[in-house]
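So that the names make sense, note that chain A is the first sequence line, chain B the second, and so on, each numbered from 1.
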Amino acid sequence: MNPDVLDIAAHVRSRLAASAESLGIPTTTFVLDRPKDAAHGDVGLGCFPFAKALGKSPVEIAKELAASVTPDEVIESATAVGPFVNLRYRREALAESVVRGVLEGAAPYGQWAHEDKCVVIDFSSPNIAKPFHVGHLRSTVIGAALRRVYSHCGWRVEGINHLGDWGAQFGKVIVAWRRWGSDEDLERAPMRHMFEIYVRFGQEAPNDPSLQEEASAAFRALESGDDNEERAIWRRLREVSLKAFQGPYTRLCVEFDHVTGESFYEDKMKATVRQIEEAGITTLSEGALVVEVDGMPPCILRKTDGTTIYATRDLAGLFYRRDTYGFDRALYVVGAEQRLHFRQLRAVLERLGWPQAAQVEHIDFGLILFHNPDTGRWEKGKTRDGNAIFLSEVLDEAVANARRIIEDKNPELADKEAVAEAIGVSAIVFNDLKNSRVKDVKFDWEEMLTFEGETGPYVQYAGARLASILRKAGGAPTGPVAWQALADADSVLLTMLEYGPTLQRVLDKNEPSILTGLTTRLASSIHSYLREHHVLSAEPEIREARLALVAAARKLLDNGLSLLGMTSPEEM
RNA sequence: GCGCCCGUAGCUCAGCUGGAUAGAGCGUCGGCCUUCUAAGCCGAAUGUCCCAGGUUCGAGUCCUGGCGGGCGUGCCA
């Protein structure tokens, strides 16, 4: 933290710890949190865990501890309420610490100090044989958010788009292209066309066994390494797809540090397999080279037909990442249906004796479910007519909705199109990041296009109101601020104070929804505050203090949203 | 069959390392725009935290066993 700005949370923690120590209380198990009832105080500490060690009741300990924490420039009071010690910040200390902390970009509000830690995040990783549909949204959006949060918190981050650009499916793609591909259609609607011929392959294969054989042969030819016809087709289709993906990535503000697909490991696979063989943990089983793992099906390294499988490529990727980046954490933002695969990978690493095996984590997330009106249930995979919903359609629909609402609510708005894009796209991102990862997401147009309540636009709207006040005031105050004037803003300030711990929890659990929740609560406290407290018409001293608060809240909201991959329009 | 995940208000979900009276949004009902954006605010009603045991001073949270749903389960990713 900026040495000029006092970190009041740390201050309270150390004051409490000092008092606790003098009473013989072990401070390792300190759990400070915000009391459920705000009337109790700003920070609470339950004394239950100390009772056994001290041989006293929690109530008694709370009383003693509260008595030993004397007020100072930060702590207004420490009171025992039953078994809890509750502290109250001095309002001016709270306001100054938070508002200056944010405005001056001090950690944890601004960039955290660089740590010598590296995280490798594998996310998005679309299969380039298939269109970029809504199913890819989750990995993309969750991974991109994690990438930014880790970076904000001082980690070195290697965000990798591990494209699905290799594997047996490309045999099918190549054959489908040879039979039904059209240059003209590929030019006009590349993803649509590739999807169509891929689907056609799936439809015709059951009636025509030669297709499947041809596909296997094509992948063998591709994997042979020769510069043959198969490779030329593969290269061309890969390029076209990659270009087509750039559209959604740009709209979603998603960036990667490396775009290295499975094909990147083509020439590293042999060495990987050899290393694992040399470790003596492989066996030959039913014609395939496998690693047996406890309580699970074996992990296959080389199929009976001699070609590799995704496990081989993921292992090659892990070897590469370890050697190249020396990661402390390796995250795979991949759907929950691949849990077994990642448990197998980790088990292989453990058998290899990797010390960092436990740091290889599958960041799993739930499925996107579609409503089936025939069964009345939510089901995996397809929409009713069997068509995949393209991500760009979803974004377009949300933007169109934003456009309609702007026309209705704020028709005078300048630059409507850009604002509609910002609102629509962010609404989709927010919708995907608002619940915990593991929950399945029900694909519901109505819910996604709702802009009221706990939604992206709700949070953006709070930011736009703040921005509007700042605009009218001509900016944030520059002179000294009468912090005590913000005594009535504690709900906003205390919520802002949670920013640091929230980011820490996002990292601990690899769970962006925790941050989404904070932005919602911050927006909510802002909306309420603005209703009760007028800024521009207040007495000069109060007006200046409130402006400082408004500037800080706006900035923090903006920071939080950009970490999530959302934009905050100045007006909406 | 086995493994893993989920089960909290009518619906969608929060609930942090077990701790204070289980909370939001949507929907319902009732208020609030001659003051900085009503995409908003305020209020009301709404609970067998799936069930049964157990551990604990204390369980929505931990353990065991059920029930319901989902995903996966050897050469797709």
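Annotation for P457(A) and I423(A): closest pair CG-CG2, 3.9 Å, computed over non-hydrogen atoms.
G3(B) is paired with C71(B) under the Watson-Crick or G-U wobble criterion, all donor-acceptor distances under 3.5 Å. The pairing partner recorded for U48(B) is none, the criterion being a Watson-Crick or G-U wobble arrangement whose two distances lie under 3.5 angstrom. Pairing of U17(B), defined by two Watson-Crick or G-U wobble distances under 3.5 Å, is not identified with any nucleotide.
Annotation for K416(A): atom NZ counts as buried by contact number, over 12 foreign heavy atoms lying within 6.0 Å. Other residues, nucleotides and ligands place more than 12 heavy atoms under 6.0 Å from the CG atom of D508(A).
Electrostatic pairing of R521(A) and E498(A) counts as a salt bridge here, judged by a charged N lying under 4.0 Å from a carboxylate O.
Put simply, CG on D37(A) is 12 Å from P on A22(B), counting in whole angstrom units. As a whole-Å value, the separation of F365(A) CZ from C13(B) C1' is 19 Å. Atom P of nucleotide A39(B) and atom OH of Y461(A) are separated by 4 Å, given to the nearest angstrom. Protein atom CG of N127(A) is 10 Å distant from nucleotide atom C1' of C76(B), rounded to whole Å.
In this model, the phosphate group of U73(B) is not approached by any side-chain N or O of R343(A) to a distance below 4.0 Å at OP1 or OP2. Here R531(A) does not reach the OP1 or OP2 of C36(B): none of its side-chain N or O atoms lies under 4.0 Å away.
The nearest heavy atom of RNA chain B to E447(A) and to E262(A) marks one nucleotide each, and the one closer to the 5' end goes with E447(A).
In C49(B) the O4'-C1'-N dihedral to the base is more than 90° from 0, which defines an anti nucleotide.
Residue ring and base: F84(A) does not count as stacked with G19(B) (centre distance below 5.5 Å and interplanar angle below 30° not both satisfied).
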